[in-house]
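First the proteins, then the strands, lettered A, B, ... as listed; each starts at 1. All of these numbers come straight from a predicted model, not from anything done at the bench.
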Amino acid sequence: MQDYLLPLNEPQREAVLYTEGPLMIVAGAGSGKTKVLTTRIAHLIHQGVDSFRILALTFTNKAAKEMKERIEVILGNHEARNLYIGTFHSVFSRVLRADAERLGYPSNFTIYDTDDAKSVIKSIVKELNLDDKVYKASFVYNRISTTKNNLYTYKEYRADNTIQQEDARSNRPMIGEIFEYYSKRCFKNGAMDFDDLLVNMYILLTNFPDVLAKYQHKFRYVMIDEYQDTNLAQYHIVKLLGALNENICVVGDDAQSIYSFRGASMQNIFQFQKDYEEVKVIKLEQNYRSTSTILDAANMVISKNENQIKKALWTEKESGEKIKLACSFTDNDEGKFVADAIMEQKLRNHFSNKDFAILYRTNAQSRAFEESLRRLGIKYRIFGGTSFYQRKEVKDYVAYLRILVNPQDEESLKRIINYPARGIGTTTLNKISIVAQEQNKTFWEVLCLATEAGIKGNTLTTIQDFVLAIRHFQSLLSKKNAYEVAFEIGKQCGIVKELNADKSVEGLARYENIQELLNSIKEYTETPDEEGEVVERSLGSYLQQITLLTDADQNNGEEEDAVKLMTVHASKGLEFPIVFLVGVEENIFPSSMSMYDRANLEEERRLFYVAITRAREKVWISYANNRYRFGSLISNEPSRFIDELPKALLDMSLAEKPTFKTTFVRSNPASNDHVIQQKKLIPKPTSTHNPPSDFVPDNPTNMKTGMKVEHQRFGIGHIISMEGSISNQVATINFGTMGEKKIMLNYAKLRIIE
DNA sequence: TGCGCAGGTGTTTTT
DNA sequence: CACCTGCGCA
């Protein structure tokens, strides 16, 4: 037997050796699926399969990179370098670079990120004279995105009665029209958004039989990780690519499907088994990651879901510590509590910073933890939020580079034509836009012929200078490398000078970001090609690549000794010795956006499952009674998911009293803990009011100044005043001995008494 | 055309 | 609370 097969258990080995024909690996959390995938690829190469002919699609670029490295270790050579491996989006963008022209796109097409796409939608809504409050960019974008991920074009969208009725009912009948304009505009700009990378790949394969044949022959083996998070477009592409050889191996876990908002459907898992006559299914059920306590808890929670493939995940590991439940008074206290707990664990049990992860449902929750960690001098690193390449100053600079490579890109052109300020305002911009529309020219073409567009005087000279400058840099590109050109742009256009002039903390950070951007270009373009390397190192490929970098990819190089902070989504595929899962409250986790129908709630539950199963040794679950949201204090109940955990696996000693760091005087220390414990497992120690058992909150829209209302925790009070917008009303309520409180009606549960 | 201020408005999750 | 937008003024 080969050495690399020795560390595998029976089903793992079977999965590695089963190389021919369709294979589905159902891999539970922590069951060694990455190990199986890497060993499987290594085995293929070892058996003599040409490494250029293996395609592996992963969820993040970082995962791809790690897999490559692990394969190199197993094989002891650099064969893995030739693999086609990466995310769907990055692999397809590479394929499309080669064949984009057949679809009428330039090979240096620009990739629009979500912000770019929304900005295009905004201009279209404006051009069509529609109300931007009704046609909010994010709403329209999501709808278009979902449609495209289901492989619907704007034509089909506009022709579909059901869709049109839906839009009519939501009072947004023009979405189809916006969709059409948007598609045409992107095409004219030589730009693809994230979804276009999938859609156009699909079109390329279906409309050009020779291209399909080329890739079907090229990719003799196809492997897909995280299959439960693929969408319909991805499903069809994979099916097409694998149709010739049918050597398709998908790896997934329905229990970890958490991206339905992006069009992912775990239906693809079930469909896979129907698509091929002789599909082999292998289940990996032994968990090597977590203690049995953690695993039992996770299994118990996920068992509440109706929609799932039954699995029996087990472990040989010891039971370990119970899951600690911790209750804090406010979100700030929660931050301090977690930082203290980390400090204590470090001192008492000799853990290092890098052993800890703090996982939350939304990015906005990170702040309290950042502050408290900083105060204790604990090094931390946040993953996610606005990524480096989304920062304004970086995007502005990148826009210059995009224009050099693809002058059709109107979006980027608008970004930089007046940055740094050179006196070209909205008036001129609109004028050019109109001429461009009328004469069916690109924005750039009109700029080049500014005289004909009726532009005169100073503005004309400015535009002509701008055009000359861009052309100069374009020609420079053939003489100098991308880094040198980028550097020249910063210098000659005065961007660097302008940023350097701002000596504020933020200004300094912006300046440093630009230096970092230049460094990254230098590193990318000046890395010598290794033998056999298939990566292209032009400015065009650099620009496409950076747009597709994910949060998980930003971890540059060696692992540093820092506490990791990230959303539960971002933690997928990772593991940590100790996990703090925080903000585990109703309205937050599960999110108030997804708790009102079964499918959404089940996805939240899977998310909870993912969070817990990240931990190897210890899990702390934390919630706060009150937290600041939009500036005022709101109260949330502990999450229903806490109730779903087996009591025997919980250590509730820290949840009996909330940790107080805030100065707060309890008006009635002799609270009624015992009553509440009977009613609900989770103690609510701050309760000083005992609501009747039939307490039903009323609709907040009926509440008016002067009313007498009952709050579950604060008791009876009078509404003194109401403020805030209609969608987000804040009431000031006098609760007598409990004092005056500002309450957000959308979140609080209030009952009208009279 | 550009800047400063007031007011409104919004928070899932991400390629 | 922060961020963004829109408006008024120089």
Nearest whole angstrom, please: distance from the P of dT15(B) to the CG of N61(A). 9 Å
Within the 4.0 Å heavy-atom criterion, would you say T427(A) contacts the bases, only the backbone, or no part of the nucleic acid? sugar-phosphate
I'd like to know if the side chain of S119(A) pairs up with that of Y112(A) as donor and acceptor (distance under 3.5 Å, no hydrogens or angles considered). no
Going by the angle between their ring planes, with limits at 30° and 60°, are Y105(A) and F109(A) parallel, tilted or perpendicular? perpendicular
For the pair made of OH in Y389(A) and C1' in dT14(B), what is the distance, rounded to whole Å? 18 Å
Using only side-chain N and O atoms of T428(A), determine if any of them is under 4.0 Å from OP1 or OP2 of dT1(B). yes
Has N363(A) got a side-chain N or O lying under 4.0 Å from the OP1 or OP2 atom of dT13(B)? yes
Distance to the ring centre below 6.0 angstrom and angle to the axis at most 45 degrees; does that hold for R381(A) and F383(A)? yes
Set out, in order, the CA-CA distance, both residues' side-chain angles and the distance that settles side-chain hydrogen bond (donor to acceptor under 3.5 Å, both in side chains) for Y524(A) and S541(A), then state yes or no. CA-CA 10 Å; Y524(A) 183 87; S541(A) 71; 3.0 Å; yes
Ignoring backbone atoms, establish whether K133(A) has a side-chain N or O less than 4.0 Å from OP1 or OP2 of dG8(B). no
Taking the minimum atom-to-atom distance to the side chain of R262(A), which one of dT14(B), dG2(B), dT11(B) wins? dT14(B)
Does any N or O in the side chain of D229(A) come within less than 3.5 Å of the main-chain N or O of Y259(A), such that one atom is a donor and the other an acceptor? yes
Is R422(A) close enough and on-axis enough to F466(A), meaning under 6.0 Å and within 45°, for cation-pi? no
dT11(B) versus dG6(C) - spacing of their C1' atoms, nearest Å: 23 Å
Check whether any side-chain nitrogen or oxygen of T567(A) sits under 4.0 Å from OP1 or OP2 of dT14(B), and answer yes or no. yes
Where each residue is assigned the nucleotide of DNA chain B containing its nearest heavy atom, which of T459(A) and S594(A) is assigned the position nearer the 5′ end? T459(A)
Separation of dT1(B) atom P from N430(A) atom CG, nearest Å, is 10 Å
L601(A) CG - dT13(B) P separation (whole Å): 18 Å
Whole-Å distance separating the CD atom of Q545(A) from the P atom of dT15(B): 14 Å
In whole angstrom, give the distance that lies between atom CZ of R629(A) and atom P of dG10(B). 13 Å
Spacing of F589(A) atom CZ relative to dT11(B) atom P, expressed in whole Å: 20 Å
Please figure out whether N142(A) or S138(A) has its closest DNA chain B nucleotide nearer the 5' end. S138(A)
Counting the atoms with a prime plus P, OP1 and OP2 as sugar-phosphate, which does T547(A) contact under 4.0 Å by heavy atoms, base, sugar-phosphate, or nothing? nothing
Of the listed nucleotides (dT15(B), dG2(B), dT11(B)), which one gets closest to any side-chain atom of M593(A)? dT11(B)
N406(A): partners by side chain to side chain contact (heavy atoms under 4.5 Å, CB included), with sequence neighbours left out: P106(A), T110(A), Q408(A), D409(A)
Check whether any side-chain nitrogen or oxygen of T60(A) sits under 4.0 Å from OP1 or OP2 of dT15(B), and answer yes or no. no
Do K148(A) and D196(A) meet the salt-bridge criterion of a basic N to acidic O distance under 4.0 Å? yes
One character per nucleotide, please: for nucleotides 1-10 of chain C, 5' to 3', B when the base has a protein heavy atom closer than 4.0 Å, S when only the sugar-phosphate does, - otherwise. BS--S-----
Rounding to an integer number of Å, can you tell me how far I382(A) CD1 sits from dT14(B) P? 13 Å
